[in-house]
Amino acid sequence: MPSLQRPSITLNISPTITKPTIEHRVLIIGEVGDNSTVETDTVIKDIQIKDIDIFGKDSQLYYAIEKFKSINKLNILDVLPIVKGSSKSTSDITITGTATKNNKLSFTLNNNFVEVVINNSDNDITIATNLEIALNSNNYFTDVFTISRTDNKVTLESKQSTSTLNNHLPVITLKYMDNGIRSDITRFNGGSSNTLPDNYLFNKLDERYNSIIYDYSLGLNVVRFYLEGEFNKLNKINDGVGFTTIRNSLTNFKSIVNEQNYKTQVIFGNLFEMEYNVSSLVATAEIVAIRALRLTDKANIFKYVSQNVETFGGISLASLPYFNTPLSFPKPKGCIDEEDLINLINIGASIWVNNGTTVLSEVVTTYKKNNLGDEDKSFKYLNYVDTLSVIREYLTISLRKRYSQTRLTDGNLIPNKSITNKGAIKASIIKYLNELADLALVRKGLDKFISDNLIIEEDLESGTITFNCKVPIVVQLRTIQGNLIEVLEIESSI
């Protein structure tokens with residue numbers, strides 16, 4: 001029987017007010033192998049490492065996914081498999097001479113290697129035969145290549161029909177160089193990939209991708225055409241950045257990148273003059289896997305930062321420099337000079353360098369000029385794009401949550417009513433920018449500058465608030481300059 005109790009008490013439990021969290025989702029686009037069992041041209045969401053055989057072990061897509069997952073098990077990785085190309089890529093290794101002493105030959109490709117023992121007096125056909133046997137005894141090489149020999153020449157032909165391996169160069173090293181043996185190697189060539197229309201990605205993607213990995217064999221237009229169109233969507237956050245790696249000479253690479261001018265495009269170069277022995281698609285996957293971890297809340301990034309004050313990921317890492325991020329790539333054959341490196345950065349090209357270990361250099365977009373053709377550094381560095389993107393998303397989520405069901409007035413606020421005016425909204429925006437300042441994304445202590453440069457207008461008829469705000473973002477320390485003045489004698493002040 002109900003009883004009348006006084007005072008009547010009702011306590012509603014409300015959810016905790018939390019700061020926005022931002023998910024980092026990644027898409028990889030690549031050609032399937034000749035023995036793939038997957039349907040192409042349809043996105044496979046949240047791929048798991050146990051399922052990647054469906055793409056074919058002969059495909060670089062398989063190894064790129066494997067590399068990403070070995071580094072990053074936190075972020076969702078979706079895959080868009082595309083149809084294989086029409087011809088395969090080949091490389092020839094020709095051995096000449098007769099060994100004058102015992103030796104050892106190492107053959108390396110894409111960070112996989114075999115060794116061949118050379119005995120004194122072994123001729124070129126014997127050594128080539130033993131190299132063929134060693135390659136056919138290695139799972140990676142037999143999964144990816146058909147290996148054959150004609151006399152003293154060993155040929156590797158990709159099982160996958162694709163241009164992905166074009167320009168890759170196997171490396172042969174001998175323990176002793178002066179023993180009568182010579183090796184001549186050709187770069188992989190002859191592979192071809194299918195051309196995709198510029199609008200290929202439209203109507204195929206229904207998720208927001210912060211990063212898209214793709215191979216240069218697909219061309220540069222498909223991904224950037226999609227992402228540039230998504231950068232400032234009406235009432236929607238859908239921007240991201242596309243990443244690819246080009247393997248070519250310094251001259252050709254500069255020519256390709258110089259023609260590009262996009263804030264959503266990052267192009268890495270594995271230059272012939274440097275020659276890192278790593279697959280282009282796998283290299284790109286490694287870099288993006290690390291980037292995604294950096295921007296993911298509470299991800300352990302201890303291995304990828306040089307200072308131990310920020311060893312866990314989150315949106316604050318958007319402003320932390322990418323340069324000096326360690327990579328697993330082996331030591332290169334050569335190097336370029338500082339002048340060439342600076343020139344590459346200026347035209348919007350990114351590379352990695354070896355300073356004892358392989359690390360990222362500056363990571364820049366190809367954006368150089370605005371719509372008027374004037375030089376513009378607004379989106380030059382990937383850090384700038386990341387920082388601005390995070391700030392925008394943080395403000396969008398915060399404002400949408402705070403004002404999800406609110407009245408608008410040009411008068412005073414009313415206690416205990418969900419109502420706002422432009423003054424209150426201005427205060428909210430400044431509050432959120434201060435929160436972002438605590439995350440080292442907006443420069444701290446500039447409240448007056450932000451307030452003076454935050455202009456808000458209201459339209460009561462349509463219920464619209466419009467604001468323009470200058471946001472002073474945190475930048476990266478890139479250069480320290482100074483003068484050291486020699487002093488031989490110090491005068492006493494006594």
Side-chain angles (χ1 to χ4, degrees), residues 26-34 36 38 40-41 43-44 47 52 55-69 77-89 109-111 144-145 158-169 187-198 200-201 204-205 209 211-227 240-248 252-253 256-257 260 262 264-271 276-289 291 329 349-352 366:
V26 179
L27 175 70
I28 183 169
I29 307 171
E31 295 165 294
V32 298
D34 278 27
S36 168
V38 71
T40 56
D41 302 317
V43 174
I44 299 171
I47 191 69
I52 65 174
F55 303 109
K57 276 193 172 184
D58 57 329
S59 72
Q60 292 304 301
L61 177 61
Y62 172 97
Y63 295 98
I65 298 170
E66 184 179 57
K67 171 59 73 173
F68 185 100
K69 287 293 186 180
L77 177 65
D78 295 348
V79 183
L80 177 54
I82 61 175
V83 68
K84 64 186 181 183
S86 56
S87 62
K88 302 180 179 186
S89 194
L109 177 63
N110 295 343
N111 224 1
V144 179
F145 302 103
S158 64
K159 291 183 176 179
Q160 181 187 22
S161 299
T162 178
S163 63
T164 297
L165 286 170
N166 285 358
N167 284 335
H168 284 54
L169 181 69
R187 293 184 183 275
F188 276 92
N189 64 89
S192 64
S193 298
N194 292 305
T195 302
L196 300 177
D198 289 352
Y200 173 78
L201 292 179
K204 280 188 170 58
L205 308 183
Y209 293 106
S211 303
I212 298 181
I213 305 163
Y214 64 103
D215 193 81
Y216 177 58
S217 62
L218 307 182
L220 294 174
N221 289 340
V222 173
V223 172
R224 72 91 182 158
F225 193 69
Y226 171 78
L227 287 175
V241 179
F243 297 84
T244 193
T245 298
I246 295 176
R247 199 179 193 112
N248 216 314
N252 290 341
F253 180 62
I256 293 167
V257 175
Q260 307 299 309
Y262 304 105
T264 63
Q265 182 185 63
V266 172
I267 302 176
F268 292 100
N270 188 355
L271 308 177
Y276 286 86
N277 200 273
V278 60
S279 159
S280 296
L281 192 60
V282 173
T284 310
E286 176 169 335
I287 294 167
V288 173
R291 174 181 187 248
F329 312 159
S350 304
I351 64 170
W352 45 82
T366 62

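Since the model is a prediction, treat every value here as computed from it, not as a measurement. Note that the numbering runs from 1 along the sequence shown for the chain.
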Working note: Leu281 + Tyr216, criterion side-chain contact (heavy atoms from CB on, under 4.5 Å); need CA distance, chi angles, decisive distance, verdict. CA-CA 8 Å; Leu281 192 60; Tyr216 177 58; over 6 Å; no

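- Partners of Phe188 under the ring pair (Phe, Tyr, Trp, His ring centres under 6.0 Å) rule, at least two apart in sequence or in another chain, are Phe145.
- Interatomic distance, CD1 of Ile267 versus CD of Gln260, reported as 5.0 Å (0.5 Å rounding).
- Between Asn270 and Ile246, the closest side-chain pair of non-hydrogen atoms is not below 4.5 Å.
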Quick one: do Leu80 and Tyr214 satisfy side-chain contact (heavy atoms from CB on, under 4.5 Å)? Show the steps, please. CA-CA 10 Å; Leu80 177 54; Tyr214 64 103; over 6 Å; no

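- Taking CG of Asn166 as the reference point, atom CZ of Arg187 lies at 11.5 Å (rounded to 0.5 Å).
- Note on ring orientation: taking the six-membered ring where Trp is involved, the planes of Tyr276 and Trp352 are perpendicular (angle over 60°, cut-offs 30° and 60°).
- With contacts defined as side-chain heavy-atom distances shorter than 4.5 Å, the pair Val288/Ile28 does not qualify.
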Gln265 vs Thr366, test: side chain to side chain donor-acceptor pair (under 3.5 Å). Steps then yes/no. CA-CA 6 Å; Gln265 182 185 63; Thr366 62; 2.7 Å; yes

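- Considering CZ of Phe68 and OG of Ser211, their distance stands at 7.5 Å, rounded to 0.5 Å.
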Run Thr162 and Ser193 through side-chain contact (heavy atoms from CB on, under 4.5 Å) and show every step you take. CA-CA 5 Å; Thr162 178; Ser193 298; 3.4 Å; yes

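- Using a 4.5 Å heavy-atom cutoff, the side chains of Ser192 and Ser87 are in contact.
- Separating the OG1 atom in Thr244 from the CD1 atom in Ile213 is a distance of 10.0 Å, to the nearest 0.5 Å.
- Side-chain contact between Tyr209 and Val223 is absent, with no heavy atoms from C-beta onward closer than 4.5 Å.
- One distance of note links NZ of Lys204 with CG of Leu27; it measures 12.0 Å at 0.5 Å rounding.
- Residues Val79 and Val43 form no side-chain contact, since every pair of their non-hydrogen atoms from C-beta on lies 4.5 Å or further apart.
- Residues Asn110 and Leu165 are in side-chain contact: their nearest non-hydrogen atoms beyond the backbone lie under 4.5 Å apart.
- The shortest distance between side-chain heavy atoms of Glu286 and Val278 does not fall below 4.5 Å.
- A cation-pi arrangement, defined by a distance under 6.0 Å to the six-membered ring centre and an angle within 45 degrees of its axis, is absent between Lys67 and Tyr63.
- No side-chain heavy atom of Val222 sits less than 4.5 Å from a side-chain heavy atom of Ile29.
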Pair Asp41-Tyr200, side chain to side chain donor-acceptor pair (under 3.5 Å): steps then yes or no: CA-CA 9 Å; Asp41 302 317; Tyr200 173 78; 2.4 Å; yes

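- Annotation: salt bridge (charged side-chain N to carboxylate O under 4.0 Å, His left out) contacts of Lys57 (sequence neighbours excluded): none.
- Here the straight-line distance linking atom CG of Leu61 with atom CD1 of Ile52 works out to 8.5 Å at 0.5 Å rounding.
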Passes side chain to side chain donor-acceptor pair (under 3.5 Å), Glu31 versus Thr164? Steps please. CA-CA 9 Å; Glu31 295 165 294; Thr164 297; 3.2 Å; yes

